[in-house]
A.B. asks: 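Dumping the structure here so I can ask a few things about it.
Just so you know, these numbers come straight off a predicted model, no measurement behind them. Throughout, residue positions are numbered sequentially from 1 according to the sequence presented.
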Amino acid sequence: MAIASEGRAEDARDEAGPAGFFRAQHEAFGTTLGANKGAANLLDRIWMQAFSSYEHNVDEQTRDLPPLACRKGCGTCCRIQVVATAPEVLMVARYVRAMADGFRKVGIDLPARLAAASAAAPEAAGTMALGRECPFLVEGICVIYPVRPLACRGHVSFNEEACVAALEGEADEVPVSESHRTVRALVQGALQSALRDTGHPWALYDLVGALRIALARPDAEAAFAAGTDVFEPAMIDHVSREEMARTFDRLKA
């Protein structure tokens, strides 16, 4: 894996492989967080950096892959749990607030859909069989698509029929793109690691649960900047914070 991050390319001979990619991303995120500490646009900058880095690097890694089956109007995978970092949650919350009135005019009440989302525990991550439907899926269309989290961007398939079969419980495996998943995991992990090192909330959160908190807390962005984790009740604990921290430290070494 060749390395590219935030406007610069690394010589693959020096920084090849996933660990080198992680280190380059971690360093770039840390630089941005440090240089913009206390700045009004900190959230915008770190969010844009994460997504632009993901998009650039996944394009580089998937040039020779077959075309994806994912298309507008197919929301088959939007029934599995979505996890997100604090910056991602905050940007989705900002988008929902900004777009709520416009969507209401066409009969889509985003806050109401979120409030009505089932509080039942979702299916295990990675499965599709009858999990809860994302409250932002409307007639097969993701209405928060421009700000969808890395988890959504990194979950893509080469076979729509297999996705449908998995949703109906008739198949156990879907031919997903491992390149997309790997780049997403490394970018997301590097962002978490940099957030941790700079004193910001760095866990992964259930998107629906964290959004409920963000929309109910006008001070959520300020709390994030100050290092307060208001999303803790929605924290995902499939992997403990201690284990994640040890993994990040090994990758940085």
A.B. asks: Nearest 0.5 angstrom please: Leu204 CG to Met244 CE, how far?
C.D. replies: 5.5 Å

A.B. asks: Could you state the interatomic distance from OG1 (Thr247) to NZ (Lys252), rounded to the nearest 0.5 Å?
C.D. replies: 11.5 Å

A.B. asks: Val187 vs Phe21, test: side-chain contact (heavy atoms from CB on, under 4.5 Å). Steps then yes/no.
C.D. replies: CA-CA 9 Å; Val187 171; Phe21 180 78; 3.9 Å; yes

A.B. asks: Evaluate Arg212 against Asp206 for salt bridge (charged side-chain N to carboxylate O under 4.0 Å, His left out), listing each step before the verdict.
C.D. replies: CA-CA 10 Å; Arg212 287 174 178 156; Asp206 173 64; over 6 Å; no

A.B. asks: When you measure from the side chain of Asn36 to the backbone N and O of Ala39, does any donor-acceptor pair fall under 3.5 Å?
C.D. replies: no

A.B. asks: Enumerate the salt bridge (Lys or Arg N to Asp or Glu O under 4.0 Å) contacts for residues 234-248, please, sequence neighbours excluded, ordered by first and then second residue.
C.D. replies: none

A.B. asks: For the atom pair CG (Asp109) and CZ (Phe103), what is the distance rounded to the nearest 0.5 Å?
C.D. replies: 11.5 Å

A.B. asks: Where the side chain of Ser193 meets the backbone of Gly189, is there a donor-acceptor pair that is under 3.5 Å apart?
C.D. replies: no

A.B. asks: How far does CD of Gln188 sit from OG1 of Thr85, to the nearest 0.5 angstrom?
C.D. replies: 6.5 Å

A.B. asks: Do Arg94 and Asp44 come within less than 4.5 Å of each other through their side chains, counting heavy atoms only?
C.D. replies: yes

A.B. asks: State which residues pass ring-ring contact (aromatic ring centres under 6.0 Å, His included) with Phe51; sequence neighbours excluded, sorted by chain then number.
C.D. replies: Trp47

A.B. asks: Report yes or no: do Tyr54 and Phe29 belong to one cluster of Ile/Leu/Val/Met/Phe/Trp/Tyr joined by side chain heavy-atom distances under 4.5 Å?
C.D. replies: yes

A.B. asks: Quick one: CD on Glu55 to CZ on Arg153, what's the gap to the nearest 0.5 Å?
C.D. replies: 5.5 Å

A.B. asks: Do Glu60 and His56 make a side-chain contact, defined as non-hydrogen atoms from C-beta onward lying under 4.5 Å apart?
C.D. replies: yes

A.B. asks: Give the ring-plane orientation class for Phe248 versus Phe22, where under 30° counts as parallel, over 60° as perpendicular and anything between as tilted.
C.D. replies: parallel

A.B. asks: For Thr228 and Pro201, work out which heavy atoms get closest and say how close.
C.D. replies: O-CG, 3.4 Å

A.B. asks: So, the side chain of Gln49 versus the backbone of Ala28: is there a donor-acceptor pair under 3.5 Å, distance only?
C.D. replies: yes

A.B. asks: Could you list the donor-acceptor pairs under 3.5 angstrom formed between side-chain atoms of residues 136-152 and any protein atom two or more places apart in sequence or on another chain?
C.D. replies:
residue: Tyr145; atom: OH; partner: Arg148; partner atom: NH2; Å: 3.3
residue: Arg148; atom: NH1; partner: Tyr145; partner atom: O; Å: 2.9

A.B. asks: Nearest 0.5 Å, please: how far is CG in Leu211 from CG in Leu114?
C.D. replies: 5.5 Å

A.B. asks: Determine the minimum heavy-atom distance between Arg97 and Arg217, stating which atoms define it.
C.D. replies: NH2-O, 3.7 Å

